[in-house]
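Right, one structure below, let's go through it.
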Amino acid sequence: MLNKIKTLGKSVATRATGKKQKTGQYMVGLDIGTEFIKALMGRVVDNGIEIIGTGRAHQELSDMQAGAIADIAAVVNNCDQALNQAEQQAGVSARGAVIGIAGELVKGTTTHVRCCRQNPSKEMDIDEVERIIALVQKRAREKAMQQLIWELGGKEVEIRMVNSALVSIEIDGYPVTNPVGFKGKDVVVQLYTAFAPMIHIGALERTAKELDLDLLAVAAEPFAVARSVIGDDPNASMSAILMDVGGGTTDIAVINDGGVQGTKMFGIGGRAFTRSVERDLSVNFVQAEELKLGLSDNKIPHGKVPAIEGALRKTLEVWASGVELALGEFTQLDHLPHRLLLCGGGSSLDMLMDKLEQSSWYTQLPFTRKPVVQHIQPSQVVGIVDKTGIVTDHTFITAMGLLRVGLDTLQQQDSSLAAGSIRERIDRILRV
């Protein structure tokens with residue numbers, strides 16, 4: 001099982017082409033969002049990926065449900081539109097794709113396992129590391145399954161691991177980046193894993209098949225966002241809370257000292273705010289969306305602003321409570337990072353940013369100081385450069401993160417094909 005984790009913070013490929021990474025290879029990052037589908041065509045270069053094509057297609061209300069595909073045929077058609085736009089701009093087509101998965105039933109968490117070695121004087125080898133990580137993944141799977149059974153009222157569902165990332169290893173209280181060759185009794189491993197129901201993964205696999213795409217990887221979207229800002233720096237010590245506010249869900253990832261501590265999702269996104277305007281002002285959904293967006297554009301008559309803001313404020317309070325509850329579950333951390341980085345179309349709402357920046361929502365959480373709130377900019381994504389001039393704001397970050405996971409997957413394949421000593425292979429396994 002360890003061969004699925006070739007680099008720290010890397011995606012476990014759900015299905016891989018087996019092709020060796022080479023400069024000039026193309027891939028697509030496909031962000032199937034509740035409101036919009038975004039497709040980014042990427043070309044692999046020596047220092048990362050260049051974005052050479054973009055596409056975007058609107059989703060109907062019935063196409064998605066709480067971040068998951070509800071109508072495969074409709075979503076396939078929308079994906080096809082976005083892909084055609086990206087391919088026409090790029091002048092090339094790509095078979096390899098990375099697709100994001102979201103929704104309240106996608107469970108990502110960091111599992112701690114302590115192992116007591118029977119022979120502390122024996123040096124650890126790669127086989128022992130593999131056995132330990134396999135044990136951690138097994139326990140993480142059991143934990144995710146129990147949580148889903150509880151949330152679904154006792155109903156069991158089949159799940160699959162979609163991402164796995166090594167956070168840390170300690171031997172007798174001493175942190176190590178490469179455990180091979182060390183002696184000791186107590187080994188503590190922290191491993192981030194994300195699991196998703198097979199029904200959701202199956203819908204994505206069916207979508208990829210209908211689009212004639214080879215699925216390089218399926219990635220939990222908050223994990224992909226985290227990968228976008230961590231990059232490949234082996235000395236990365238970034239700590240931040242990443243928040244992707246989409247149309248149907250809000251996805252949260254907490255990074256501490258360069259490692260993904262966990263991900264949480266809850267089913268309130270941009271459409272919930274639109275629904276509140278629709279309900280309170282007795283207009284249809286399209287009109288409500290225009291009114292909501294018009295607040296930021298200053299296109300709304302001054303007399304209507306208080307009513308619109310009043311409607312939005314009700315949902316905003318519920319959303320803020322969801323954020324507080326989600327962050328409150330990260331009990332393994334002594335304190336939460338004070339940097340709060342947002343992306344996704346739902347975070348474009350000025351009132352939402354104001355709520356995070358100006359209210360006291362954070363006071364009951366273990367922050368050491370008031371959080372600093374800002375949007376993630378494309379220039380902050382490590383190893384990905386936009387050549388189209390279109391990828392200019394925070395709404396593209398998730399799709400860029402998916403390209404980052406694709407690059408990780410290709411590098412993983414290269415590592416598995418490369419010759420080297422056991423120590424070199426372990427170094428690749430544990431590299432950030």
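For T34 and Q59, the side-chain atoms include no donor-acceptor pair closer than 3.5 Å. With 3.5 Å as the limit, one finds a donor-acceptor pair spanning the side chains of T274 and E289. For the residue pair Q332 and T110, no side-chain donor N or O sits within less than 3.5 Å of a side-chain acceptor on the partner. With hydrogens and angles left out, the side-chain atoms of Q377 and H394 include no donor and acceptor closer than 3.5 Å.
Panel note: side chain R339, backbone V372; no donor-acceptor pair is recorded below 3.5 Å. Here the side chain of N163 pairs a donor or acceptor atom with the backbone of A220 at under 3.5 angstrom. Not a single donor-acceptor pair under 3.5 Å links the side chain of K38 to the backbone N or O of T398. Between the N84 side chain and the D80 main chain, a donor and an acceptor come within less than 3.5 Å of each other. For the pair T263 (side chain) and A253 (backbone), a donor-acceptor distance under 3.5 Å is absent. With R404 contributing its side chain and V382 its backbone, the two residues share a donor-acceptor pair below 3.5 Å. Remark: the backbone N or O of G67 is not paired with any side-chain donor or acceptor of H200 at under 3.5 angstrom. Under the 3.5 Å distance criterion, the side-chain polar atoms of Q89 are matched with a main-chain donor or acceptor of T54. Panel note: side chain N78, backbone A74; a donor-acceptor pair is recorded below 3.5 Å. Listed for the K370 side chain is a donor-acceptor partner under 3.5 Å among the backbone atoms of E357.
Using cut-offs of 30° and 60° for the angle between ring planes, the F223 and Y192 rings count as parallel.
Contact annotation: the side chain of T315 never approaches that of R275 to less than 4.5 Å [non-hydrogen atoms, C-beta and beyond]. V229 is listed as a side-chain neighbour of I255, based on a closest heavy-atom distance under 4.5 Å. No side-chain heavy atom of L281 sits less than 4.5 Å from a side-chain heavy atom of K304. At least one side-chain heavy atom of L410 sits less than 4.5 Å from a side-chain heavy atom of M27. With contacts defined as side-chain heavy-atom distances shorter than 4.5 Å, the pair I376/V225 qualifies. Proximity of F396 to D31: side-chain heavy atoms (C-beta onward) are nowhere separated by under 4.5 Å. Counting heavy atoms from C-beta on, the side chains of D386 and P378 never come closer than 4.5 Å. Annotation: side chain of Q374 is in contact with side chain of L341 (closest heavy-atom distance under 4.5 Å).
Applying the 6.0 Å contact sphere to CD of Q65 captures no more than 12 heavy atoms from other residues, nucleotides or ligands. In the displayed structure, I199 atom CD1 is contacted under 6.0 Å by at most 12 heavy atoms of other residues, nucleotides or ligands. The neighbour count for N284 CG, taken as heavy atoms of other residues, nucleotides or ligands under 6.0 Å away, is above 12.
Across all non-hydrogen atoms, the minimal contact from A217 to T409 is CB-OG1, 3.8 Å. Looking at every heavy atom in both residues, T388 comes nearest to V391 through OG1-N, 3.9 Å. Here the closest non-hydrogen pair linking S228 and I397 is OG-CG2, 4.1 Å. When all heavy atoms of I99 and L402 are compared, the pair lying nearest together is C-CD2, 4.1 Å. The nearest pair of heavy atoms linking L407 to G48 is CD2-CA, 4.0 Å. The two residues V129 and P179 make their nearest non-hydrogen contact at CG2-CG, 3.6 Å.
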Would you please test L191 and S164 for side-chain contact (heavy atoms from CB on, under 4.5 Å) and show each step? CA-CA 7 Å; L191 190 73; S164 185; 3.8 Å; yes

Check against side-chain contact (heavy atoms from CB on, under 4.5 Å), F367 and L327: CA-CA 10 Å; F367 286 102; L327 292 178; 4.3 Å; yes

F273 vs L352, test: side-chain contact (heavy atoms from CB on, under 4.5 Å). Steps then yes/no. CA-CA 10 Å; F273 292 97; L352 184 147; 4.2 Å; yes

Which is it for M351 and K355 under the side-chain contact (heavy atoms from CB on, under 4.5 Å) test, yes or no, and what are the steps along the way? CA-CA 6 Å; M351 288 181 64; K355 178 70 174 179; over 6 Å; no

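The NE2 atom of H375 lies 10.0 Å from the CG atom of L340; values are rounded to the nearest 0.5 Å. For the atom pair R43 CZ and Y26 OH, the distance stands at 5.0 Å (nearest 0.5 Å). Here M41 contributes atom CE and I49 contributes atom CD1; the two are 12.0 Å apart, rounded to the nearest 0.5 Å. In this structure, CD1 on I268 lies 10.0 Å from CG on L316, to the nearest 0.5 angstrom. From R369, atom CZ reaches atom NE2 of H335 across 9.5 Å, with rounding to the nearest 0.5 Å. Expressed to the nearest 0.5 Å, how far NZ of K107 lies from CG of L148 amounts to 5.5 Å.
With respect to R313 and E317, no salt bridge is recorded, no charged nitrogen being found less than 4.0 Å from a carboxylate O.
Relative to the six-membered ring of F195, K143 misses at least one condition, a distance below 6.0 Å or an angle of at most 45° to the axis.
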